[in-house]
Amino acid sequence: MTDSKYFTTTKKGEIFELKAELNSDKKEKKKEAVKKVIASMTVGKDVSALFPDVVNCMQTDNLELKKLVYLYLMNYAKSQPDMAIMAVNTFVKDCEDPNPLIRALAVRTMGCIRVDKITEYLCEPLRKCLKDEDPYVRKTAAVCVAKLHDINAQLVEDQGFLDTLKDLISDSNPMVVANAVAALSEIAESHPGSALLGLNPQSVNKLLTALNECTEWGQIFILDCLASYTPKDDREAQSICERVTPRLSHANSAVVLSAVKVLMKFTEMLSKDLDYYGTLLKKLAPPLVTLLSAEPELQYVALRNINLIVQKRPEILKHEMKVFFVKYNDPIYVKLEKLDIMIRLASQANIAQVLAELKEYATEVDVDFVRKAVRAIGRCAIKVEQSAERCVSTLLDLIQTKVNYVVQEAIVVIKDIFRKYPNKYESVIATLCENLDSLDEPEARAAMIWIVGEYAERIDNADELLESFLEGFHDESTQVQLQLLTAIVKLFLKKPTETQELVQQVLSLATQDSDNPDLRDRGYIYWRLLSTDPVAAKEVVLAEKPLISEETDLIEPTLLDELICHIGTLASVYHKPPSAFVEGGRGAVHKSLPPRTASSESTESPETAPAGAPPGEQPDVIPAQGDLLGDLLNLDLGPPVSGPPLATSSVQMGAVDLLGGGLDSLIGDNNFGAPPAAAVPARLGAPISSGLSDLFDLTSGVGTLSGSYVAPKAVWLPAMKAKGLEISGTFTRQVGSISMDLQLTNKALQAMTDFAIQFNRNSFGLAPAAPLQVHAPLSPNQTVEISLPLNTVGSVMKMEPLNNLQVAVKNNIDVFYFSTLYPLHVLFVEDGKMDRQMFLATWKDIPNENEAQFQIRDCPLSAEAVSSKLQNSNIFTIAKRTVEGQDMLYQSLKLTNSIWVLAELRIQPGNPSFTLSLKCRAPEVSQHVYQAYEIILKN
């Protein structure tokens, strides 16, 4: 008879009867009673009142009965801690039982009883079991240490159990090794930063030996542990890879993915020139393909992991495109994932095959899948330039089907194709315009409006098309309203005479009749631009746009590296780091790939080169040479990447009413009204010298004590070139000291720490006078402002151009290089005023061929204003005289390296152009001194 009878009793006074049966002398009756108790406990009845009676049944040789009593004990020990102590003696006794199964059962149950009072009594039995002669008992005891550590970490450390666990890694039995590794990994996860596993080549060797003999779950524990080890060089990495590779043919998919994780991590250290590197990549493909023949749920997990692998190393699966073709009976989640990987693997070699397949998908019945397929065709066009024409004609064929959602998706992707290949496929615009009336989704409507606005000059009835959208302006989504506003302004700038009413209408709808702050702001900006400076408006709105990059949905490199370290876990399915979905300390451990060894070049294939950069072409960052942390000063670094603008042109605002008129140059009549007065902030009506000076004075608030001009901060290192770190900055000079004012922004998904900075040798010996102090970790999306004091006692080497400064910034992620130009006036010292006699003698002494003449244009300042402005930046006027109506200023300045520069500045009152003559014993400085004059006088 089955055990189901224990669940079908309807007796009253059941607890009382069970009590009597539990205390019976007959062994069989006792066993039956315990089974009934366990049955009641399983269905949720409270049988805790029987605790003492059940515990009495522990004194038995019957293994089955003992298991049942231990099961009861685990369940009720927490609610009856005082009673549970009664069982301690039995545990201690059972841990010395001759039967290893009973010893293991006792130690396993001890680990599951989560009662503080009991734990200290269990230490002795546990210590004996960890050294037990039977491997089954030892492997159970190893797991018990991890459970005990979870209850009372301090106790486990004091009792020395962690050291015993570490010794078990050298055990002769592979299952004991696997469980010891699992226990240590579990403890290490809850204590990040503790080097519990402390792997070294010897212990790794033992793990690899155990790997071949233990069960599949043991193999997973060992592989996951190996993945956290960093080999000392590429030879050791290769040796580990060779011994892990056989796991790729395991029947358990979890073992395969864990092996893939180890190999993906260690290939990072192998040189691409090695024959083994190519062989290993070839071996990785078949197991990944085999995973796709499993059931759909496993396929999905495999595909999510493959998606990461393809982004990191597309060459692994580049010849396996066919296995990602969708089958008719695949569930939708598998279909969409396969489609994503197909696009990532698309290349010139297989594009014809991919397009034929995608066209087929676009005629399926599943709407979500069809949409994604149409979008995929557009992504292929953007990714593989040679296929763009074929993709566009495929999209046109699909538009001809007149299936509403297909047409809408096609228009959205054609917009992106126009952005990637401007002036190439505009012949299709007519076909798109025919389908205008059928568009009902915001994204498709916005895309169509963008196309009409961007190519308004080629569409005869562009104004009518945009006007048709204006009729229901308030019913449109924000996305469409914003796009419509921009498109009509573009149209107006291209055809001003015909569309004046239309632009007035849209501006008043956006500013007066709309509650959306984004729409109102954009409306006011366009209105002010158009009414103030139509030429500037044209330059801003119709500016040349950068081409879009090939793959916009790639995972950010630092996150991708972290996810590669989590292959085969939930993180690889969610495509999020564990810290994003695991609460507590466990998700906080950030993993990263090992640094490449000196022998291995960049292990990225041409296909994973930065988006938009042709294969083999370096991005605009100074390349690392050899060891990234090598001596920066020995690098032969390239030309500057960026620098502060030498002269910022400002719109001449003074004479123009910001919100009225001003459009005469564009449309010849002045009835373009200003925005309604009520909606305009009162401040803007104030004279330019008050309110707007705050708006346009970029340097207000810098607070330099000497009044020296400070350029606005420029982006020196964009986030996309520095794994999420963006650095902006400028240079200042305040009462004799030079500073580099930096703004660090973390646009990555992980915190940044351990910042340091170093300069290459430069023309004036500029060097940091103190370390780069970032006191707390820089969290994601956080910005910090730092003023780095500089001195001029560093190593000197003449740079080209002279004011080029090459900088390396290090953090916990990598070392990043950039180069910038510093304005020379930060090197003008405070004691640069020369004596008059000395000035005359020096001027005569410097040979005439060292004299350089420059014109400073558009500078309507008087001689007094010029003199005081220059003095604030340590250019001193020694004498002034007037000759034939011209003011002549004689000036001197001294650089930090004691080079004197003498100047004669000729100013004709009423003429905004000055003539500057410079004399210096080092004539190469003159050009940069002139640029400093320009910057100071024009700002």
Legend entry - pair Ile240-Tyr229: side-chain heavy atoms closer than 4.5 Å: yes

Inset, instruction - Could you pull out all residues at least two apart from Arg235 that satisfy salt bridge (charged side-chain N to carboxylate O under 4.0 Å, His left out)? - result: none

Legend entry - Distance-minimising heavy-atom pair for Pro577 and Leu559: CD-CD1, 3.5 Å

Inset, instruction - Please check if the side chain of Asn746 supplies one atom and the backbone of Gln750 the other of a donor-acceptor pair under 3.5 Å. - result: yes

Inset, instruction - Apply salt bridge (charged side-chain N to carboxylate O under 4.0 Å, His left out) to Lys147 and list each qualifying residue two or more places apart in sequence or on a separate chain. - result: none

Legend entry - From Ile220 atom CD1 to Leu257 atom CG, the distance as rounded to the nearest 0.5 Å: 9.0 Å

Inset, instruction - Look at atom NZ of Lys338 and say whether more than 12 heavy atoms of other residues, nucleotides or ligands are closer to it than 6.0 Å. - result: yes

Legend entry - Test log, rule side-chain contact (heavy atoms from CB on, under 4.5 Å), inputs Leu148 and Val145: CA-CA 5 Å; Leu148 194 60; Val145 173; 5.6 Å; no

Legend entry - Contacts of Asp163 that satisfy side chain to side chain contact (heavy atoms under 4.5 Å, CB included) - sequence neighbours left out: Lys166

Inset, instruction - Give, for atom NE2 of His575 and atom CG of Leu308, the distance between the pair rounded to the nearest 0.5 Å. - result: 3.5 Å

Inset, instruction - State, to 0.1 Å, how close Gly218 and Cys214 come at their nearest heavy-atom pair, and which atoms those are. - result: C-SG, 3.7 Å

Inset, instruction - Please examine the side chains of Ile316 and Val310, heavy atoms only from C-beta on, and report whether any two atoms are closer than 4.5 Å. - result: no

Inset, instruction - Grab the two heavy atoms, one from Ala748 and one from Met752, that are nearest each other, plus how far apart they are. - result: CB-CE, 3.9 Å

Legend entry - Non-neighbouring partners of Ala237 that pass side chain to side chain contact (heavy atoms under 4.5 Å, CB included), sequence neighbours left out: Pro231, Phe266, Met269, Leu270

Legend entry - Partners passing side chain to side chain contact (heavy atoms under 4.5 Å, CB included) against Cys565 (at least two apart in sequence or in another chain): Lys265, Lys591, Leu593

Inset, instruction - If a pair satisfies salt bridge (charged side-chain N to carboxylate O under 4.0 Å, His left out) and one of its residues is in residues 772-783, list it, with sequence neighbours excluded. - result: none

Legend entry - Partner set under side chain to side chain donor-acceptor pair (under 3.5 Å) for Asp46, not counting sequence neighbours: Ser48

Legend entry - Gap between atom SG of Cys225 and atom CG of Leu184 - 0.5 Å precision: 8.0 Å

Legend entry - Over all atoms of both residues, closest heavy-atom pair of Leu126 and Ala141: CD1-O, 3.8 Å

Legend entry - Ile38 vs Val34 side-chain heavy atoms within contact, under 4.5 Å: yes

Inset, instruction - Ignoring hydrogens and angles, tell me if any N or O in the side chain of Arg127 forms a donor-acceptor pair with the backbone of Thr164 under 3.5 Å. - result: no

Inset, instruction - Return each pair, listed once, that meets salt bridge (charged side-chain N to carboxylate O under 4.0 Å, His left out) where at least one residue sits in residues 236-259; pairs must be two or more places apart or across chains. - result: Lys232-Glu236

Legend entry - Working for salt bridge (charged side-chain N to carboxylate O under 4.0 Å, His left out), residues Lys29 and Glu32: CA-CA 5 Å; Lys29 213 165 186 187; Glu32 291 291 301; over 6 Å; no

Legend entry - Student check: side-chain heavy atoms of Leu130 and Phe161 closer than 4.5 Å: yes

Legend entry - Interatomic distance, Asn252 atom CG to Ser258 atom OG [nearest 0.5 angstrom]: 8.5 Å

Legend entry - Residue pair Glu562 / Pro578, side-chain heavy-atom distance below 4.5 Å: yes

Inset, instruction - Could you tell me whether Tyr333 atom OH has more than 12 heavy atoms of other residues or ligands within 6.0 Å of it? - result: yes

Legend entry - Side chains of Leu211 and Val177 in contact at under 4.5 Å (non-hydrogen atoms): no

Legend entry - All side chain to side chain contact (heavy atoms under 4.5 Å, CB included) counterparts of Lys723, not counting sequence neighbours: Thr558, Ile813, Asp814, Phe816

Inset, instruction - Please report the shortest heavy-atom distance between Ala719 and Lys747, naming the atom on each side. - result: CB-CD, 3.9 Å

Inset, instruction - Take Leu223 and Lys261 through the side-chain contact (heavy atoms from CB on, under 4.5 Å) test and state the conclusion after the steps. - result: CA-CA 8 Å; Leu223 287 168; Lys261 168 165 62 183; over 6 Å; no

Legend entry - Check against side-chain contact (heavy atoms from CB on, under 4.5 Å), Thr140 and Cys129: CA-CA 8 Å; Thr140 311; Cys129 290; over 6 Å; no

Legend entry - Pairs touching residues 198-214 that satisfy salt bridge (charged side-chain N to carboxylate O under 4.0 Å, His left out), sequence neighbours left out: none

Inset, instruction - Please say whether more than 12 non-hydrogen atoms of neighbouring residues, nucleotides or ligands are located less than 6.0 Å from CZ in Phe221. - result: no

Inset, instruction - Could you grab the distance from atom CG of Leu281 to atom CG of Leu263, nearest 0.5 Å is fine? - result: 10.0 Å

Legend entry - Phe755/Leu725 under side-chain contact (heavy atoms from CB on, under 4.5 Å): CA gap, chis, key distance, verdict: CA-CA 11 Å; Phe755 284 86; Leu725 173 66; 4.1 Å; yes

Legend entry - Exercise: identify the closest heavy-atom pair between Val260 and Leu288: CG2-CD2, 4.2 Å

Inset, instruction - To the nearest 0.5 angstrom, please state how far the OG1 atom of Thr42 sits from the NZ atom of Lys35. - result: 12.5 Å

Inset, instruction - State, with a plain yes or no, whether a side-chain heavy atom of Val582 is found less than 4.5 Å away from one of Leu570. - result: no

Show me the donor-acceptor pairs within less than 3.5 Å that the side chains of residues 292-307 make with the rest of the protein, sequence neighbours left out.
residue, atom, partner, partner atom, Å
Ser293, OG, Thr290, O, 2.6
Gln299, NE2, Ala294, O, 3.1
Arg304, NE, Val573, O, 2.7
Arg304, NH1, Glu337, OE1, 3.3
Arg304, NH1, Glu337, OE2, 3.4
Arg304, NH2, Val573, O, 3.0
Asn305, OD1, Gly568, N, 3.0
Asn305, OD1, Ser572, OG, 2.8
Asn305, ND2, Val301, O, 2.8
Asn305, ND2, Ser572, OG, 3.3
Asn307, OD1, Gln311, NE2, 3.2
Asn307, OD1, Arg344, NE, 2.7
Asn307, ND2, Glu337, OE2, 3.0
Asn307, ND2, Asp340, OD2, 3.1

Legend entry - Sub-4.5 Å side-chain heavy-atom contact between Thr245 and Leu248: yes

Legend entry - Summary of salt bridge (charged side-chain N to carboxylate O under 4.0 Å, His left out) pairs that have at least one residue in residues 95-112, sequence neighbours excluded: Glu96-Lys128, Arg103-Asp132

